[in-house]
Amino acid sequence: MTEPVAKSGREAILGAIRQSLGRPALSADARHELNEHIDKHRANLVPARGKGDHAAQVERFQEMVRAAACTVAVVASEAAVPGAVADYLRANNLPTQVTLAPDEWLCGLDWDSQSLLETRQGTAGIDDLVSVTPAFAGVAETGTLVALSGKDHPTTLNFVPDYHVVALRASQVVGAYEEVWARLRKANKQGRGFTMPRTVNMITGPSRTADIALTIELGAHGPRSLHIVLIDDQTGKD
Amino acid sequence: MEFMNPSIFKENARAALADKDLRSAMAMLNAGMVPNRQAAVDRLPEFTLLSQRGRELKDHVLGNLDFYLESFERNCKAAGGHVHWCATPADAQAAVLKICRSVDAKTVTKGKSMIAEEIHLNEFLEKHGIEPVETDLGEYIIQLAQEPPSHIIGPAIHKTKDQVSDLFLKHHAKLGRTERQTEPPKMVNEAREILRQKYFDADVGITGANYLIAETGSSIIVTNEGNGDLTQTLPKIHIVVTSLEKVVPTLEDATTFLRILARSATGQEFSAYTTISTGPRRPDDLDGPGEYHVILLDNGRSTMLGSEVQDMLRCIRCGACMNHCPVYQSVGGHTYGTVYVGPMGAVLSPALLGVSETQHLPCASTLCGRCEEVCPVAIPLPRLLRQWRERSFEAGKVPGLERWGLSVWAFFARRPWLYGLAARLAVRGLRYLGRRQGRLRTLWFAGGWTDGRDLPAPEGQTFQERWRRQQAERQRGGAAR
Amino acid sequence: MIDNSAKAPINVGLFATCLVDLFRPTVGFAAAQLITAAGCTVHVPEQTCCGQPAYNSGDRRHSQEIARQVIETFAAYDYVVVPSGSCGGMIAVHYPELFTDDPEWSRRARALAAKTFELTAFLADVMKIDPVAAQYDGTATYHDGCAGLRELGVRQQPRELLAGVAGLKLEEMAETEACCGFGGTFCVKYGEISTDIVSRKTANVAKTSADLLLAGDLGCLLNIAGRLKREGSSVQVRHVAEVLAGMTDQAPPIGENGEG
């Protein structure tokens, strides 16, 4: 999209900005300094509640996701995830069809161990009721899950089904958002920088609205419920 | 009430104050929003420091806005996105239409966007044969009611449950939903079911952006319902309509604002969904839009830069100022007659629309300062309101009688002796009128006051005359001793 | 009063405010008595108004003219004390803003601003007075005037001073920090909105068991008293200085004639 109208808009706007700031375009030195700010991408202020030892953060994470109206099941190993999903479906009287994110680790779990579960992989269709996805991280400071879009994690799975189940390893829990960005920068490193996935979803509890008479109702457009299967993959490791 | 006409603020206010439904809706808002925000702020000891840092960051960005916008554009393009620089609302409308036409769009779904409101995008799309479907529940409600938003984060905050119930019955009956729903869970569910198919059918999804990240060329939306994510994920094209001042340098900088936004807005620790979008879907992605466009609107913002109202460009649209504004709490958002309402609207609207049409807005404030106190980026709203009053006064927009009254008063105020004389006469007159009860129920020249309140009567003499007499008596007494 | 100490007397210029001058001289006398009791000498130079009506109407020229007059009149005192957060804020916060492009007047405005205090802040923070020797039998609730609270940080001072009043119980109402809707000329220009705002205040007053409403600003007090009386409320209204100075017998409550 490089039509002339947009082009002239660009120059006019940048010109107007510079005129209002009373200066021409920035000098090379000034630009260099600002690029440094970007390149260093320093954390600003990280609240104390986002710091501290990992066990305490996992504890806080559970506390905060519950406060955000999530439900949590803690399991001792990843092998127990399919069973925990089946338990969840049973407890909520849900049908046994679930859509899994086509994630190698998630799909590699022993889903066949649950004979009643019917799993399929892919994006979410309009009639999908339950999805099971991994997450990139869990953030303790507000009980926030972080999911990255990609071939192994279609974004629709986070929003279309009524019930969203997330399998998260305790080792993926961090204290503050900044730690997620650090992990993301490392995981997606490319040259001097990194690549962002199309979508980074920070999810804190199920969908909600207060648009009718300020009454909080869950399940406005996204999932009505968000269930976290938290895998204790750290006990005995330290 | 006439919408989108700020020049009849007083008439709108009168209608608003007489509207029982509005009053009950506003009472709920007032009872909820103020304590919710306070509780959220109290739970985070670092809130004030974060807020200071946010303010500094915004000022830093505004001083280097050209640089950060160019960085944003470069990185957005590198991720496969398109950036459209639009000086005016008409430019932005045209850019959106052109993109919609490129896929022969029939319907577009929309997440909540104040910039879309600012450029009156819905009317424009309808005029060009494209059906806009609002998906945020509040926006959906006011779209059914054919009203503008009355609050920047809760567009239908002025509607009672029963009013929404009526609206749904009226509009959903033709979709086969003929049963009246009276309870919020069922109403929410009905809207959910009706909108579900629309997400899948829409050709284009339009959202706003709370922030743009220069470093990554990304846009961020902060929502609770999940409608914004469905809107931007399912259609072929995702259009972000946003404005220049939304850009921040890095992910880490955006994070600082995310920590203060929800807490200030709804009192939540974090909104349910904070979504960072960068470019279109990647070659091996299984879903997501095939195109990603960012409409960058100026509409006067580049002119606000460097002016005495530059501070307003720090605004992160949390709505705390209106939630805490005594005037907004009384009359609601529609009274303002503008897209942006409450204290932030009263400062922003004259910049966007000019001082003549909007001259009531900066004046209709007690300057109590609570807006500035709760503003997470410390915008000196009362000072900016006063500044517009000065511009309005200079431009001769203040009504003749008021101007004359001020001159007469100033004439006396600068002549203490004459002032004292007039004051002594005035207090005696008022005392006489209010002698029976110690107050006046009516006063011909002060109807604005006495229509709703009594006017306490003066004691009868001025302080200065009594003080001087007392001092003189003391002196005589002292001399005699 | 004669200063018995060897120190030079502290000369205080009392800026009574136009509303006190016109409507409630008792507040001026109460303020003078409190300042005197704190060990200062009170002076009341000829004065009119702080200029807020012009300032808040966007009339900068008249605001500056009136501000210059106040600055000249009060320049010589050690302190300027104002029984109003609103007028105190005008002098202490807004006068300097009026002269940003005039170095000489800017300096003079800042000098005056630095020594200008709201009455209760002056007594509690500057003079650090001992508990007042007043008595009032009853339950009071306190309204925080906006300018005093947000421009001058007056919040604890009146409450600390009231804690020393024998027989007085302070019962806080909900939203003590919410505006009463006075807003200077706002209350007349947008009378209906102002009335609605003050009605929320009086509703909060009514929810307490207080028989007395106190505040440090006569503008708020006239507004709240006016509404309470219109509603037929028996709650009495007074300026905090009247109670602190033990002068509640000197004048009937605001908006009443003294016959109950």
Side-chain angles (χ1 to χ4, degrees), chain B residues 10 13-14 17 34 326-327 329-331 363-370 372-373 383 386 388-394 398 402 406-407 409-410 412-414 416-417 419-420 423 426-427 435-439 441 446-449 451-459 461-464 466-467, chain C residues 16 20-29 32 44 46-49 51 53-60 62 65-66 69 146-147 150-151 175 177-179 181-184 186-198 200 222-223 225-227 229-230 251-252 254-258:
Chain B
K10 280 191 173 186
R14 188 164 303 133
L17 290 169
V34 172
V327 175
Q329 289 177 341
S330 281
V331 299
C363 294
S365 162
T366 64
L367 300 177
C368 76
R370 211 170 177 197
E372 179 177 4
E373 185 180 65
R383 183 162 67 72
R386 265 198 206 92
W388 284 127
R389 292 182 187 186
E390 278 187 26
R391 292 298 88 79
S392 188
F393 191 89
E394 285 163 8
V398 171
E402 189 185 333
L406 268 175
S407 304
W409 165 84
F412 281 97
R414 283 171 298 153
W417 179 83
Y419 177 94
V427 298
R435 65 194 178 283
R436 278 207 201 91
Q437 290 186 295
R439 54 186 182 266
R441 286 189 66 86
W449 179 288
D451 285 348
R453 291 156 286 203
D454 291 355
L455 179 67
E459 290 180 8
Q461 294 176 358
T462 68
F463 169 63
Q464 292 186 70
R466 278 178 59 187
W467 175 264
Chain C
V20 164
D21 190 44
L22 292 166
F23 280 86
R24 195 88 181 152
T26 304
V27 175
F29 285 102
V44 183
E46 198 168 38
Q47 53 190 274
T48 63
C49 169
Y55 185 61
N56 288 341
S57 298
D59 182 353
R60 198 174 179 87
H62 281 137
E65 286 175 9
I66 294 166
Q69 178 178 292
C146 296
R150 300 193 181 89
E151 293 180 352
E175 295 206 84
E177 300 183 5
C179 178
F182 175 67
F186 172 87
C187 68
V188 184
K189 281 203 274 190
Y190 300 94
E192 292 161 82
I193 303 175
S194 175
T195 299
D196 192 57
I197 299 171
V198 72
R200 283 200 293 276
L222 292 171
N223 184 35
R227 183 63 197 170
K229 297 305 127 185
R230 177 64 56 94
I254 297 170
E256 297 184 28
N257 66 359

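Here is the naming used below: chain letters follow the sequence lines, and residue numbers restart at 1 for every chain.
- Note on B/Glu459 versus B/Arg466: salt bridge recorded, some NZ/NE/NH1/NH2 to OD/OE distance being below 4.0 Å.
- Within the 4.5 angstrom heavy-atom criterion, atoms from both the backbone and the side chain of C/Arg227 approach chain B.
- For the residue pair C/Thr26 and C/Ala251, the shortest heavy atom distance occurs at OG1-CB, 3.3 Å.
- Each of C/Ala225, C/Cys49, C/Pro53 has some count of heavy-atom pairs under 4.5 Å with chain B, and the biggest count is that of C/Pro53.
- Within the 4.5 angstrom heavy-atom criterion, only side-chain atoms of B/Glu373, from C-beta onward, approach chain C.
- The existence of a salt bridge linking B/Asp454 and B/Arg439 is confirmed by a sub-4.0 Å separation between a basic side-chain nitrogen and an acidic carboxylate oxygen.
- Salt-bridge check for C/Glu175 with B/Arg370: passed, with a basic side-chain N closer than 4.0 Å to an acidic carboxylate O.
- With a threshold of 4.5 angstrom between heavy atoms, C/Gln69 approaches chain B through side-chain atoms but not through N, CA, C or O.
- With a threshold of 4.5 angstrom between heavy atoms, B/Val331 approaches chain C through side-chain atoms but not through N, CA, C or O.
- No other option in B/Glu394, B/Gln329, B/Gln437 has as many heavy-atom pairs under 4.5 Å with chain C as B/Gln437.
- Ranked by heavy-atom pairs shorter than 4.5 Å toward chain B, the options C/Glu151, C/Glu65, C/Glu177 are led by C/Glu65.
- Interface residue B/Trp409: only side-chain heavy atoms are found under 4.5 Å from chain C.
- Contact check on B/Lys10 versus C/Glu192 returns no salt bridge, with no Lys/Arg side-chain nitrogen under 4.0 Å from an Asp/Glu carboxylate oxygen.
- For C/Phe23, the parts lying near chain B are the backbone and the side chain together; criterion is any non-hydrogen pair under 4.5 Å.
- Across B/Ala13, B/Ser330, B/Ala410, the residue that shares the most heavy-atom pairs under 4.5 angstrom with chain C is B/Ser330.
- Counting heavy atoms from C-beta outward, C/Pro252 and C/Asn257 have side chains that stay 4.5 Å or more apart.
- Residues B/Arg389 and C/Asn56 bring no donor and acceptor atom of their side chains to less than 3.5 Å of each other.
- Counting heavy-atom pairs closer than 4.5 Å to chain B, the top residue among C/Ile66, C/Val188, C/Val44 is C/Val44.
- Using modelled atom types, one finds a donor on one side chain and an acceptor on the other under 3.5 Å when comparing C/Asn223 with B/Arg453.
- With a threshold of 4.5 angstrom between heavy atoms, B/Arg435 approaches chain C through N, CA, C or O but not through any side-chain atom.
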Problem - Candidate pair B/Glu372 and B/Arg383, rule salt bridge (Lys or Arg N to Asp or Glu O under 4.0 Å), full reasoning - result: CA-CA 9 Å; B/Glu372 179 177 4; B/Arg383 183 162 67 72; over 6 Å; no
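- Across C/Ala178, C/Gly51, C/Cys179, the residue that shares the most heavy-atom pairs under 4.5 angstrom with chain B is C/Cys179.
- When heavy atoms are compared at a cutoff of 4.5 Å, C/Ala54 approaches chain B by way of both its backbone and its side chain.
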